[in-house]
Amino acid sequence: MYRIVESREIAPAVKLIRILAPEIARKAQPGQFVILRVDAMGERIPLTLADWNITEGTITLVFLEVGVSTRKLGELKEGDAILDLLGPLGNPTDVRNYGTVCIVGGGVGIAAAYPIARALKRARNKVISIIGARTAKLLIFEEEMRRCSDEVHISTDDGTKGYKGFVSDVLRKLLQEGYGFDMVYAVGPAVMMRAVAEVTRPYNIKTIASLNPIMVDGMGMCGACRVTVGGKTMFACVNGPEFDAHKVDFTELIRRQMAFIQEERMALELWEANKRGDE
Amino acid sequence: MNKWNRFKAVPIPKQPPQVRIYNFNEVALGYSEEQALMEAERCLQCANPQCVLGCPVEIDIPTFIRLIKEGKFREAIVKIKEKNNLPAICGRVCPQEDQCQKYCVLSKRGDPVQIGRLERFLADWEREHNVEIPEKKPSTGKCVAVVGSGPAGLTVAGDLAKLGHEVVIFEALHEPGGVLMYGIPEFRLPKSIVQAEIEYIKRLGVTIKTNILVGRLYTVQELLSDEGFDAVFIGTGAGPPIFMGIPGENLCGIYSANEFLIRVNLMRSYLFPRWDTPIKVGDRVAVIGAGNVAMDASRCALRLGAKEVHIVYRRSRTEMPARKEEIENAEEEGIIFDFLTLPVAYHGDESGWVKKMECIRMQLTEPDETGRRRPVPIEGSNFMMDIDTVIVAIGRRPNPLIQQTTPGLRVAEDGTIIVDENMQTSIKGVYAGGDIVTGEATVISAMGAGKKAAKSIHKYLMGNK
Ligand SMILES: Cc1cc2nc3c(=O)[nH]c(=O)nc-3n(C[C@H](O)[C@H](O)[C@H](O)COP(=O)(O)OP(=O)(O)OC[C@H]3O[C@@H](n4cnc5c(N)ncnc54)[C@H](O)[C@@H]3O)c2cc1C
Ligand code: SF4
Ligand code: FES
């Protein structure tokens with residue numbers, strides 16, 4: 001059992017939890033993720049590390065409550081525990097001095113972007129961050145990103161904060177204004193990462209995307225997470241999760257992410273109905 | 001009741017096919033005491049028993065069968081457990097037809113003694129009549145780390161614990177058991193039985209730590225230097241599924257057998273939505289390959305509601321690598337076998353779901369120098385099959401993480417770990433065995449490797465005092 005030492009809502013339906021896992025905290029590196037299971041009947045869910053603290057022995061996860069599994073996880077309070085936690089998984093980000101880097105985070109992806117921005121800042125890069133959400137209320141981790149960025153640009157789809165539009169629009173604008181980036185890092189919804197890749201492609205800027213396909217074991221044994229990169233099949237959990245965004249087949253990724261959408265909806269309806277019954 | 005006949009095996013009761021395709025309960029129901037006695041009676045008690053030569057762990061087969069005849073079930077199971085820590089599992093999944101039973105003298109004139117079924121009978125009898133824990137040797141003060149909790153790891157761990165060593169198994173998944181837990185389906189090997197066998201290993205004093213991926217959380221070197229272990233055994237088995245690399249293979253609805261079976265067995269998707277992990281099986285399923293894994297996957301698909309399940313195999317019936325018994329079970333259940341057929345591409349709909357499988361017909365060549373008949377495509381014989389689910393079961397590679405994170409570990413070209421005759425790797429104090437050394441093999445060969453490694457590790461530790 002892995003104890004939860006903090007749980008709070010940081011935006012509507014967006015939860016932050018901190019879990020006691022000293023060994024994982026000790027080994028964690030930017031760009032890595034964990035797989036957890038809430039209870040004995042639970043799914044294995046992959047979540048990117050949003051932070052970790054070696055002294056306290058904790059890891060921080062941020063997630064959107066979308067399906068049964070994340071709803072169950074979101075219901076847990078401080079002092080509760082989850083049954084299983086495996087990590088750190090995946091290859092760490094290649095942190096070095098690139099020069100000027102642009103970190104693009106969308107939605108809960110901003111939390112995943114944070115440790116990467118921080119590490120790149122520590123590696124003496126100039127860090128320009130672009131973070132965005134559907135609406136101002138859903139914008140998370142702004143403070144954290146400000147702490148490790150030289151500039152933070154914000155966008156919301158509805159214009160309630162910052163630029164009205166997508167993070168990829170802001171990126172395009174910056175490039176047109178003459179910003180020069182030696183590396184662009186994108187993490188967020190697949191459609192967003194695809195848009196970012198399309199913006200940087202004509203500029204030939206090295207662009208990394210942290211992919212989030214469906215996973216089961218997360219250790220290379222099932223191939224549920226396979227993605228096509230440069231025409232080759234890769235297992236995102238062990239070959240990634242980061243890949244050259246210009247080579248990723250995002251259309252396939254988006255389709256594969258939806259593979260169980262009907263089942264997920266059905267399960268959620270059932271779960272909600274059961275909950276109503278309980279009350 | 002059947003009449004007793006020296007040359008005819010006592011049949012094992014099974015769930016009838018038309019019933020069992022609607023449930024995940026065990027297919028073979030096991031011998032009753034009476035049936036076990038009848039079957040044991042057939043054994044000739046050979047002075048020079050051939051069966052034992054076919055057993056990878058050298059169980060004293062005639063003696064345990066004699067003990068059954070005498071009604072001494074407790075003594076009989078103790079006899080087996082001298083050599084085999086996991087008899088309830090072996091009795092169910094070992095390919096006895098290629099091992100002990102193949103060499104049984106009776107097979108020259110009729111059915112061999114059903115050694116596997118008798119082994120299973122005893123193990124099940126013991127589980128119902130209280131499992132005895134053998135005496136342990138006094139503690140040696142030595143610690144061994146075992147990586148992976150499949151049959152190889154469980155065997156090493158059990159044997160070393162009995163010898164008085166402290167043993168910790170590190171397993172990456174959330175449940176121990178390896179393939180026994182995540183691969184082989186409930187209807188062939190009930191998970192409660194695997195759990196009971198694991199419980200026995202724990203009662204021998206072994207600690208099992210799940211959710212620990214060695215190579216990431218600790219490296220093998222760190223286990224030796226920082227975590228205080230005196231020796232390490234690597235039993236990480238096979239993992240990454242092989243795909244064919246043909247167009248359309250990443251369409252939705254195409255699973256590797258490993259994904260499909262992990263969902264069904266480890267994650268209990270057949271109980272979705274009571275359990276949270278979903279699975280989707282369409283009406284027409286194609287399973288590519290014809291080994292045990294393919295049989296398991298096809299029979300799971302049937303039980304999950306598929307109307308038609310095809311085994312698609314590029315060679316012919318005689319070359320199928322699966323156990324005969326499992327092929328028969330699959331046929332009884334209505335699995336369709338498409339021989340000499342090779343998929344060449346998949347075609348999907350607008351939303352990226354597989355809808356059609358393009359195949360080509362094959363023919364077998366004359367046997368080559370090695371005596372094997374190679375399948376070659378028949379030019380222009382392409383045709384389409386309507387399908388909405390595909391399960392690719394053409395093999396798996398060794399799990400690579402330990403090899404990648406252990407400098408100095410000698411690895412063969414195919415990714416398996418190289419060991420000497422004592423199961424020691426190129427690093428002193430680090431041993432390996434099971435599928436990670438042999439490539440995909442069997443439960444019993446993994447156990448045999450575990451036995452051998454335990455002996456070597458014991459010697460190494462005691463010489464090291
Ligand atoms: C579907 C299926 C059906 C089969 N049917 C039969 C059958 O009927 N009869 C038969 O004899 N054989 C059968 N086999 C083959 C048999 O199961 C294997 O040969 C046997 O399980 C190998 O045992 P093992 O201990 O080497 O590895 P495994 O059983 O594969 O166990 C390895 C374990 O190590 C863990 N692991 C891997 N990497 C790490 C790491 N870095 N850190 C920690 N843990 C790790 C894995 O999670 C796994 O639990 C079947 C295999 C499959 C897949
Ligand atoms: S070879 Fe057959 S008959 Fe002879 S001892 Fe072994 S099981 Fe019995
Ligand atoms: S999640 Fe199973 S191989 Fe990546």
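To find a chain, count down the sequence lines: A is the first, B the second, and so on, and within it residues start at 1.
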Inset, instruction - Say whether, by atom type as modelled, one donor and one acceptor occur between the side chain of B/N258 and the main chain of B/P241 under 3.5 angstrom. - result: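 Side chain of B/N258 to backbone of B/P241, a donor-acceptor pair under 3.5 Å: no, none is there.
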Legend entry - Stacked cation flag B/R263 on B/F260, 6.0 angstrom / 45 deg: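 No, B/R263 and B/F260 do not form such a contact.
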Inset, instruction - Report the residues that fulfil ring pair (Phe, Tyr, Trp, His ring centres under 6.0 Å) with B/F233, sequence neighbours left out, ordered by chain and then residue number. - result: none
Legend entry - ring pair (Phe, Tyr, Trp, His ring centres under 6.0 Å) involving A/F250 - partner list, sequence neighbours excluded: none
Legend entry - Residues from residues 232-248 of chain A approaching chain B under 4.5 Å (heavy atoms):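 Within residues 232-248 of chain A, the residues under 4.5 Å from chain B are A/T233, A/F235.
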Inset, instruction - Using heavy atoms and a sub-4.5 Å threshold, report which of residues 45-65 of chain A line up against chain B, by residue number. - result: none
Any idea which of [options] has the most non-hydrogen atom pairs under 4.5 angstrom with chain A?
| options | value |
| --- | --- |
| B/M267, B/E175, B/E259, B/R274 | B/E259 |
| B/W353, B/Y255, B/F243 | B/F243 |
| B/T277, B/L213, B/T210, B/L217 | B/L217 |
| B/L401, B/I254, B/I212 | B/I254 |
| B/V392, B/I262, B/L173 | B/L173 |

Legend entry - Portion of B/I279 that has a non-hydrogen atom of chain A nearer than 4.5 angstrom: backbone
Legend entry - Engaged part of B/A238 at the chain A interface, taking heavy atoms whose separation is under 4.5 Å: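 Just the backbone, heavy atoms under 4.5 Å.
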Go through [options] and name the one with the most non-hydrogen pairs under 4.5 angstrom from chain B.
| options | value |
| --- | --- |
| A/V68, A/L85, A/L270 | A/L85 |
| A/A267, A/G218, A/G42, A/A28 | A/G42 |
| A/R37, A/M41, A/M266, A/K27 | A/M41 |

Legend entry - Reference residue B/L261; test side chain to side chain contact (heavy atoms under 4.5 Å, CB included); the match among B/C300, B/S269, B/S256: B/C300
Inset, instruction - Taking the side chain as every heavy atom from C-beta outward, state whether A/D80 and A/K77 have any pair of such atoms under 4.5 Å apart. - result: yes
Inset, instruction - Kindly determine whether A/S168 and A/R194 satisfy side-chain hydrogen bond (donor to acceptor under 3.5 Å, both in side chains), including the steps that lead there. - result: CA-CA 9 Å; A/S168 49; A/R194 175 168 64 187; over 6 Å; no
